[in-house]
Amino acid sequence: MDVTTNLEEIQTNIQRACAKVNRNTNEITIIGVTKYVTIERTEEAIDAGIIHIGENRTEEMIKKYNHIKDKATWHFIGTLQSRKVKDIVDKVDVIHSLDRISVAKQIDTRSTRPVDCFIQVNVSGEASKHGLAPEEVFPFIKELASYQNVRVVGLMTMAPHVEDESLLRNTFRNLAKLRDSIQHEQLPHAPCTYLSMGMSNDYEMAIEEGATHIRIGSKLVGTNKM
Ligand SMILES: *Cc1c(COP(=O)(O)O)cnc(C)c1O
């Protein structure tokens, strides 16, 4: 399927989800996750109107970045090792996966400007998942105040791979509540306005629960490396 057709379907679904809960579609940012696909397919997505590109590996992001440069806004959505921060920090616009002080320290010292970061939260408590436990998030954010180049713009989560709608909804709802409580503190380094949640299989529900950034790979660009 061409990206334009996929994108039209996604936009229709976004409109429906927004209408259900009285939200405006312009509150939603679609991040096209291109980790499965080629540079050519990524360029097709950009031609179709996708502005935000998400990658989860530093090498792959750099490869695509070197071709596409500032024709896209770059989101790093994968696990980030401290020693690799320097490779991407001046290429990336937004980091969605901050959950360690060692990484924050590297962002702070290696970047030449403040970087917008989401804190990754493991809401569902699955052992296999990265991210902070919900109760660790506020102390972590307070600690980040001393890092000038780290700006906490929101919270991110990956929902569990389950069919159980109420479990998914609870995951999204709990992240939204946590975001509200941090935003309420009005910390200068942590406006914490946004919610990065929702992927191909659950983005409509995530939007109903307040997502501002949805990360869509397979339903937008497919998974075919060729
Ligand atoms: C792969 C990935 C996505 C996109 O997944 P799809 O189910 O293909 O939409 C979103 N977020 C993260 C962190 C990912 O690694």
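Each ligand, and each atom within it, is numbered from 1 in the order the structure gives. Both backbone and side-chain heavy atoms feed into the values below; hydrogens, waters and symmetry mates do not.
Taken to the nearest 0.5 Å, the CG atom of Asp202 stands 11.5 Å off from the CD atom of Glu209.
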Give the table of side-chain donor-acceptor pairs shorter than 3.5 Å for residues 96-107, with sequence neighbours excluded, one pair per line with atom names and distance.
{"from": "His96", "atom 1": "ND1", "to": "Ser196", "atom 2": "OG", "distance (Å)": "2.9"}
{"from": "His96", "atom 1": "NE2", "to": "His75", "atom 2": "ND1", "distance (Å)": "2.8"}
{"from": "Ser97", "atom 1": "OG", "to": "Gly78", "atom 2": "O", "distance (Å)": "2.6"}
{"from": "Asp99", "atom 1": "OD2", "to": "Gly131", "atom 2": "N", "distance (Å)": "2.9"}
{"from": "Arg100", "atom 1": "NH2", "to": "Leu80", "atom 2": "O", "distance (Å)": "2.6"}
{"from": "Ser102", "atom 1": "OG", "to": "Ser82", "atom 2": "OG", "distance (Å)": "3.3"}
{"from": "Gln106", "atom 1": "OE1", "to": "Arg110", "atom 2": "NE", "distance (Å)": "3.1"}

Would you mind writing out the side-chain donor-acceptor pairs for residues 135-148 within the sub-3.5 Å range, not counting sequence neighbours?
{"from": "Glu136", "atom 1": "OE1", "to": "Ala133", "atom 2": "N", "distance (Å)": "2.8"}
{"from": "Ser146", "atom 1": "OG", "to": "Glu143", "atom 2": "O", "distance (Å)": "3.4"}

Which atom pairs, nitrogen or oxygen on both sides, join ligand 1 and the protein at under 3.5 angstrom?
{"from": "ligand 1", "atom 1": "8 (O)", "to": "Tyr36", "atom 2": "OH", "distance (Å)": "2.8"}
{"from": "ligand 1", "atom 1": "8 (O)", "to": "Ser218", "atom 2": "N", "distance (Å)": "2.8"}
{"from": "ligand 1", "atom 1": "8 (O)", "to": "Ser218", "atom 2": "OG", "distance (Å)": "2.9"}
{"from": "ligand 1", "atom 1": "9 (O)", "to": "Ser200", "atom 2": "N", "distance (Å)": "3.0"}
{"from": "ligand 1", "atom 1": "9 (O)", "to": "Ser200", "atom 2": "OG", "distance (Å)": "2.6"}
{"from": "ligand 1", "atom 1": "9 (O)", "to": "Gly217", "atom 2": "N", "distance (Å)": "2.8"}
{"from": "ligand 1", "atom 1": "11 (N)", "to": "Arg215", "atom 2": "NE", "distance (Å)": "2.8"}
{"from": "ligand 1", "atom 1": "15 (O)", "to": "Lys35", "atom 2": "NZ", "distance (Å)": "2.7"}

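Glu59 has no carboxylate O lying under 4.0 Å from a charged side-chain N of Lys63, or vice versa, which leaves the two without a salt bridge. Electrostatic pairing of Arg16 and Glu204 counts as a salt bridge here, judged by a charged N lying under 4.0 Å from a carboxylate O.
The ring-ring contact (aromatic ring centres under 6.0 Å, His included) analysis of residues 185-205, with sequence neighbours excluded, yields the pairs Tyr194-His213.
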